[in-house]
Amino acid sequence: MPIFLYNTLTRRKEEFVPLKHPEVGLYTCGPTVYNFQHVGNYRTYVFEDLLKRSLTLAGFAVRHVMNITDVGHLTSQADEGEDKMEVGAAREGKSAWDIARFYTDAFLEDCKALNLRPPDVLCRATDHIPEQVGLIAKLEAKGLVYRTSDGLYYDTAKFPGYARLMGSEHVKGIEEGARVEANREKRAPTDFAVWKFSPKDKKRHMEWDSPWGTGFPGWHIECSAMAMKFLGETFDIHCGGVDHIPIHHTNEIAQAEGATGKPFVRWWMHAEFLLMNSAKMAKSAGGFVTVADLKAKGFDPLDYRYHCLTAHYRKQLDFTWESLEGAKTSRRRLKEASLELLKEPAKPCCAELERAFKASLEDDLNAPAALASVWDCLRSALPSGSKRSFLERAETVLALGLFKEETTALSPEAQRLLSERAKARSERDFALSDKLRAELDALGILVEDTKQGQKWRKR
Ligand code: AMP
Ligand code: ZN
């Protein structure tokens, strides 16, 4: 069955056909590693993982490239302010290199906890300086960049159709923003730095020689250079959050197409924001939530993954602790049912349900509808073995940890209380069994009595 994906470039849902069937080249913008990523960032990564898994289910072979931004992303979108890496370094009294290593590791650990399949290529901007310098040299040879006192800038007026991805309404926003942060040497407010010179008054941790002077690459050039290195000058899909449409991705296109004269990306796909208190969750807004915060409040990161799947990726999603609690309960119910079904021998899957599940994903990744098929399956009168086969198949895309037994071992103290409680119940000493339940509860172990005996889970 064909798969339809919304393309930001054409503003339409279109049948997706890769350049070289069945291979799909996919580039996703990775984290800026100067701080922890927040769950808003992870909404975008969960969407990208859903895309990858849905394409795999549909029979494509995805080659996924993700970058790590470890240099050049400035605190201001207008190429002013400080490099976020240097800000992180000053904040923690470490070198920018140490900051990058630490937050890259933290990111990868979170990705694992969220069941995000690792990319085939994970590339650091700082490992690809020659590629970026090479791309800038090509732009220079074509007369597309000019020099100012603080760097080399892309002359956006010389690239026809510069605003194609973002639409002209965004250009006005950039022009208005430029009034506040006026860089008087820029020829136009939309022009952007491809290379910045190191400041004379401040020593940077990260800087390189280049034909134009010592400095560091602008943020956007890394993605154009690395995407083309690993996926070719034209490739299938490029993703990120919607905040990247007006500046970062628009500039990536100008750099790549300005240098090659060929179309850069065929499908642009963007995830809508995760909101907190009605505003985009952002590090600068304060009050952001990390995966570690989720864990500290007793949530499994996969509860958050479930929460993400309850909304279509092109709709904004509110983050509240109450909604996360709801996601946690739903995931627990699904997981309990799945583990029960695992006791049954697998039987052929129900073709109709499977078709509905696949059709939902092939309709621009309609995850809420796919989840609804899962609940339909559990409520249905299908034989348990067929339910099991369907859920196992659905799990390859939803990746909610449905068939993973609790691996966290019980402490010896909890084990003792549980066996004492089992004994008390067999002796019908309900007062003692209630007392022991309360003691287990205080240890974060919730006990439930079922026909098969007491069952426990961690809170
Ligand atoms: P950054 O580390 O800021 O470069 O962002 C990493 C990814 O997270 C990018 O694709 C952003 O577009 C995305 N992102 C940032 N904030 C949010 C948010 N509140 N909701 C969804 N995606 C976001
Ligand atoms: Zn990027």
Side-chain angles (χ1 to χ4, degrees), residues 39 42-43 46 49-50 53 110-116 274 289-311 317-344 353 357 367-380 382 384 387-411 414-415 417-418 421-422 434 436-459:
V39 294
Y42 287 113
R43 180 186 190 197
V46 167
D49 187 64
L50 176 73
R53 288 170 181 269
D110 287 350
C111 288
K112 219 189 262 175
L114 284 161
N115 273 348
L116 305 177
L274 181 80
V289 175
T290 63
V291 169
D293 294 331
L294 300 183
K295 289 186 192 160
K297 288 206 181 236
F299 291 98
D300 187 309
L302 295 177
D303 297 331
Y304 176 67
R305 184 174 171 110
Y306 187 100
H307 181 56
C308 291
L309 297 180
T310 60
L317 174 64
D318 272 317
F319 180 87
T320 61
W321 291 107
E322 293 74 46
S323 52
L324 195 59
E325 201 60 63
K328 178 180 178 171
T329 306
S330 303
R331 192 183 78 91
R332 178 169 53 78
R333 288 204 188 117
L334 268 189
K335 183 170 172 147
E336 281 169 2
S338 305
L339 288 174
E340 252 337 280
L341 288 172
L342 213 49
K343 295 177 186 154
E344 305 287 332
L353 259 179
F357 180 81
L371 266 185
S373 301
V374 170
W375 288 106
D376 287 346
C377 167
L378 288 180
R379 281 189 219 105
S380 74
L382 283 171
S384 300
K387 289 185 180 177
R388 169 186 166 167
S389 302
F390 173 71
L391 279 166
E392 281 178 328
R393 204 150 163 72
E395 172 67 4
T396 64
V397 179
L398 303 176
L400 292 166
L402 299 183
F403 292 97
K404 226 170 107 203
E405 294 276 4
E406 290 292 342
T407 47
T408 31
L410 278 176
S411 66
Q415 283 179 28
L417 291 172
L418 272 176
R421 187 171 181 276
D434 284 350
L436 291 166
R437 182 208 293 274
E439 285 181 36
L440 283 156
D441 191 273
L443 294 177
I445 308 291
L446 302 181
V447 188
E448 218 181 297
D449 294 310
T450 72
K451 279 188 204 135
Q452 290 85 33
Q454 63 181 6
K455 278 193 172 169
W456 64 271
R457 64 184 163 84
K458 292 206 167 171
R459 189 166 30 228

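Only this structure's heavy atoms are used, side chains among them; waters, hydrogens and symmetry mates stay out. Not measured: the values here are computed from a predicted model.
Not a single donor-acceptor pair under 3.5 Å links the side chain of Gln454 to the backbone N or O of Glu448. Remark: side-chain polar atoms of Ser323 are not paired, donor with acceptor, to backbone N or O of Phe319 under 3.5 angstrom. Between the Arg388 side chain and the Ser338 main chain, no donor and acceptor come within less than 3.5 Å of each other.
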key: Residue pair Leu391, Phe403: steps toward the side chain to side chain contact (heavy atoms under 4.5 Å, CB included) verdict   = CA-CA 9 Å; Leu391 279 166; Phe403 292 97; 3.8 Å; yes
request  = Go through the steps for Leu418 and Leu440 under the test side chain to side chain contact (heavy atoms under 4.5 Å, CB included), then give the verdict.
outcome  = CA-CA 8 Å; Leu418 272 176; Leu440 283 156; 3.8 Å; yes
key: From CA spacing to verdict: side chain to side chain contact (heavy atoms under 4.5 Å, CB included), Leu334, Leu378   = CA-CA 9 Å; Leu334 268 189; Leu378 288 180; 3.4 Å; yes
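Taking CG from Leu116 and CG from Asp49, the interatomic distance works out to 5.0 Å, rounded to the nearest 0.5 Å. The distance from the OG1 atom of Thr329 to the CG atom of Asp303 is 8.5 Å, given to the nearest 0.5 Å. The CG atom of Leu402 lies 10.5 Å from the CG atom of Leu341; values are rounded to the nearest 0.5 Å. Atoms CZ and CG, from Arg53 and Asn115 in turn, are 6.0 Å apart once rounded to the nearest 0.5 Å.
Residues Ser384 and Glu344 come closest through the heavy atom pair CB-CG, 3.5 Å. The two residues Leu342 and Glu392 have their closest heavy-atom pair at CD1-OE2, 3.6 Å. Cys308 and Leu317 get closest at one heavy-atom pair: CA-CD2, 3.9 Å. Contact record, Phe390 with Val374: CE2-CA, 3.8 Å, taken as the closest heavy-atom pair. Between Arg305 and Leu398, the closest heavy-atom pair is NE-O, 2.7 Å. Pairing each heavy atom of Leu302 with each of Ala399, the nearest pair is CD2-O, 3.8 Å.
Contact of the Lys335 side chain with the Leu400 side chain is not registered, since no non-hydrogen atoms from C-beta on lie closer than 4.5 Å. Taking the side chain as every heavy atom from C-beta outward, Thr310 and Pro368 never approach each other to under 4.5 Å. In this structure the side chain of Val39 never reaches within 4.5 angstrom of the side chain of Thr290, judged on heavy atoms. Within the 4.5 Å cutoff, the side chain of Leu417 has heavy atoms near those of the Leu443 side chain.
Using cut-offs of 30° and 60° for the angle between ring planes, the Tyr304 and His307 rings count as tilted.
Salt-bridge formation is not detected for the pair Glu325/Arg332: no Lys NZ or Arg NE/NH1/NH2 atom is positioned less than 4.0 Å from an Asp or Glu carboxylate oxygen. A salt bridge does not link Lys387 with Asp376: every distance from a Lys NZ or Arg NE/NH1/NH2 to an Asp or Glu carboxylate oxygen is 4.0 Å or more. Under 4.0 Å is where a charged nitrogen must lie from a carboxylate oxygen, and between Asp441 and Arg437 no such pair does. Taking a cutoff of 4.0 Å between a charged side-chain nitrogen and a carboxylate oxygen, Arg421 and Asp449 qualify as a salt bridge. A salt bridge links Asp300 and Arg331; the closest N-O separation between the charged side-chain nitrogens and carboxylate oxygens is under 4.0 Å.
In summary, of the residues considered (Val291, Asp293, Leu324), a side chain to side chain contact (heavy atoms under 4.5 Å, CB included) with Phe299 occurs for Leu324 alone.
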